[in-house]
Amino acid sequence: MINPSIEAHGVPFLETTDLRKHFVSGGGLLSGKPRVVQAVSNISFHVDQGTTLGVVGESGCGKSTTARLLMGLIERDSGAVRIEGKDIGGPQGLDIKEARRQMQMVFQDSFASLNPRMTIETSIMFGPRVHKVSKSEARRRAHSLLDRVGLQPERFAARYPHELSGGQRQRVNIARALALEPRMLLLDEAVSALDKSVEAQVLNLLLDLKDEFGLTYLFISHDLNVVQYISDRVMVMYLGKVMEIGPVEDIYNTPSHPYTQALLKAMPSMDPTQRTESAPITGDPPSPINPPSGCRFHTRCPHAEDVCQLLEPQLTVTRPEHFVGCHMADIDSGHSKAGNG
Amino acid sequence: MLNRQTPGATHTSDEPFVTIDNLQVTFHGGRQVVRAVNGVDLVLKTGEVTGLLGESGSGKSVTLRALMRILPPARSTITGSIRVGGREVLDMSDRDLADFRGGLASMIFQEPGLSLDPVYKVGDQIVESVVRHMGIDKKAARLRALEALEWVHIPSPETRLDAYPHEMSGGMLQRVMIALALSCSPKLLLADEPTTALDATVQIQVLLLLREMQRKFGMTTIFVTHDVGVAAEISDRVAVMYAGQVVEQGPVGEVLGDPKHPYTQGLLRSTIHGSMRGKRIDAIAGSPPDLANLPKGCAFSPRCKYAEPACTAGAPPNVAISADHDVRCVRFEAP
């Protein structure tokens, strides 16, 4: 497999190669054959320092599992994760604790990600305390971050999570993620549960913080509009595989993969005079348990041919920095439309 | 509270099918009284699709539930008037309501998985409803159920009649819900965010299906959504809700294309789309009010950049700025 990490840019901030996680369930004495959920199947990508990689895909595509693998919240089956070229968990690499100091995560459910019995000040101080920062310094940092995310520390520091609104809680989660002075944030549907007017405020905050602290973002979302707004590059996933990855303008203006094209066409039109007239693809995404053979999208693809069922497409460079996992993008694949697009 | 004449009613030849007049819903379960709906006036013409657009807590779902009378009676109070097909819903007895729900009016919900009974086959659930409302025997009802699954384009509908909900995908279940809702030929369809929980490629299929069903059967529809794009795809008219009131309503093109109320304008500016890339979002400051403690006068005034003393002096009037477009804001005067 080609690793879409291009050497020309030097060492990217974050890089993964052949990252894989298959969950096995059942297979006990009574439950019969084990069922394997192929959540993430050998994916490789990189995120350059100071940029935002947007990750889009429907449920079961593996986007959240990917973030959890990067953070080491679940153990990967195989593959490597590197921060500035240093393997996480590898010999002479970074240990997981240090990796988590450099990379922090914000989750979708702002309430579930805070301890209900801790004041928000204590929650924000928790990480730095684990990393041996003195109590007074951790408190000072917590107050300055609360202030930075738009919550006056004198009003909010002593409150409990249930006393805040969803938008305020998500600001606390962002402040907590920043408390360890990380260099990268993994944002897993971090604005998806918020109302539109609050989502806009939090997106503005994320863009400001990125500039101020020179942060790198991995921004996971099902909302294609938001991903287009915030990302420099976009990765499209389907059933645990990367379908397409490239610069945001390329992906949105000239999508190459039939799945990316379908996703973009499925976006509701904001203009009632230009309504969507037909659905780009039919059916639901298949289950990642026993996913389709060959190209995982072939069961819903309007261009599917025999080769798509038999062979798994490899990521192919179509334009600079733009990779597509489709037989039609590969001239030698044997697909009748290969090389036309 | 000021109660203007209901909008839209005077200038249309079509008979309104639903007329909601000064609807108020309060909840009094806890220590505080929560005012979820504060004087909603809505008129729905026969066969029209009204998109009820708003954020969480704006009262859009509560309005829908009041219409169906499915709010907990011990903990909620509904006042005002809801007339459907000439009958007052708020005066209906339990027996009338049992006929009304699923007969004249039916509802589809956000989570099809939670709305269908997991231990009964989907076909039997449709049959039960058809037998109850259409007064036909089980055998005929089963044919009707089969027909309903065909309307919503479920592949191999005959086998699917005998499937259990857990054997179906989310998009398929939402189709079953729609089939169930339409099986007794309702005149009024209430849809509460029916596509919100679905994946993008499935959402558009369900929206197109609902549009097709609406064309085929012509039922009057209220479609609750928080998504401007979804409202644009499905609605003839849009009513924008904030803090339990309709702040603006009119034809979909006018409301979304040339919004007048400062909240509608802010909501549309906050709705991210591609061309905004690189620009800062002109977001509405603050957050929606506490419904147990509403601000005086216009509920949006604490967040509104045009706020003036008149906004907090009293409830803003509902102003008809054109024949078919109403705005609840002191900055407007009737032409």
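Order of the sequence lines sets the chain letters (A, B, ...), proteins ahead of strands, with each chain counted from 1.
Between the side chains of B:Glu212 and B:His153, at least one donor-acceptor pair of N or O atoms lies under 3.5 Å.
Not one N or O on the side chain of A:Lys196 forms a donor-acceptor pair closer than 3.5 Å with the backbone of B:Thr271. A:Lys210 places a side-chain N or O within 3.5 Å of a backbone atom of A:Gly50 that can act as its donor or acceptor partner. A donor-acceptor pair under 3.5 Å is absent between the side-chain atoms of B:Arg237 and the main chain of B:Thr50, judged by distance alone. Judged by distance alone, the side chain of B:Gln32 and the main-chain N or O of B:Ala292 form no donor-acceptor pair under 3.5 Å. Side-chain atoms of A:Glu163 come within 3.5 Å of backbone atoms of A:Tyr160 as a donor-acceptor pair (strictly under, hydrogens ignored).
Top candidate by heavy-atom pairs under 4.5 Å with chain B, chosen from A:Gly60, A:Ala262, A:Gly283, A:Ser165, is A:Gly283. Chain B forms more heavy-atom pairs under 4.5 Å with one residue of A:Val198, A:Thr276, A:Val226 than with any other, namely A:Thr276. Annotation: maximal heavy-atom pairing with chain A below 4.5 Å, among B:Leu256, B:Asp227, B:Ile234, occurs at B:Ile234. Ranked by non-hydrogen atom pairs under 4.5 Å with chain B, the options A:Pro285, A:Pro280, A:Ser231 are led by A:Ser231. Contact count versus chain A (heavy atoms, under 4.5 Å) is highest, among B:Lys279, B:Gln203, B:Arg280, B:Arg303, for B:Arg280. Options B:Glu233, B:His273, B:Met276, B:His226 differ in how many heavy-atom pairs under 4.5 Å they form with chain A, and the most are formed by B:Glu233.
A distance of 10.5 Å separates CG in A:Leu164 from OG in B:Ser287, rounded to the nearest 0.5 Å. Taken to the nearest 0.5 Å, the CD1 atom of A:Ile245 stands 12.0 Å off from the CG atom of A:Asp250. Between atom CG of residue A:Leu185 and atom CG of residue A:Asn173 there is a gap of 11.5 Å, rounded to the nearest 0.5 Å.
Residue contact with chain B, scored on non-hydrogen atoms closer than 4.5 Å, involves the backbone and the side chain of A:Ile281 alike. Using a 4.5 Å cut-off between heavy atoms, B:Arg269 makes no contact with chain A at all. At a 4.5 Å heavy-atom cutoff, the contact between B:Leu208 and chain A is made by side-chain atoms alone. Heavy atoms closer than 4.5 Å to chain B are found in the side chain of A:Val248, but not in its backbone. Residue A:Asn253: no heavy atom, backbone or side chain, is found under 4.5 Å from chain B. Both the backbone and the side chain of A:Tyr229 come within less than 4.5 Å of a heavy atom of chain B. Proximity to chain B is limited to the side chain of A:Asp208, based on heavy atoms less than 4.5 angstrom apart. In this structure, chain B has heavy atoms under 4.5 Å from both the backbone and the side chain of A:Ser59. For a residue to count as touching a neighbouring chain, one of its non-hydrogen atoms must lie under 4.5 Å from one of that chain's; by this rule A:Gln168 does not touch chain B. If you measure heavy-atom distances from A:Ser278 to chain B, the contacts under 4.5 Å come from the backbone alone.
The pair A:Asp284-B:Arg175 does not count as a salt bridge, with every side-chain nitrogen at least 4.0 angstrom from each carboxylate oxygen.
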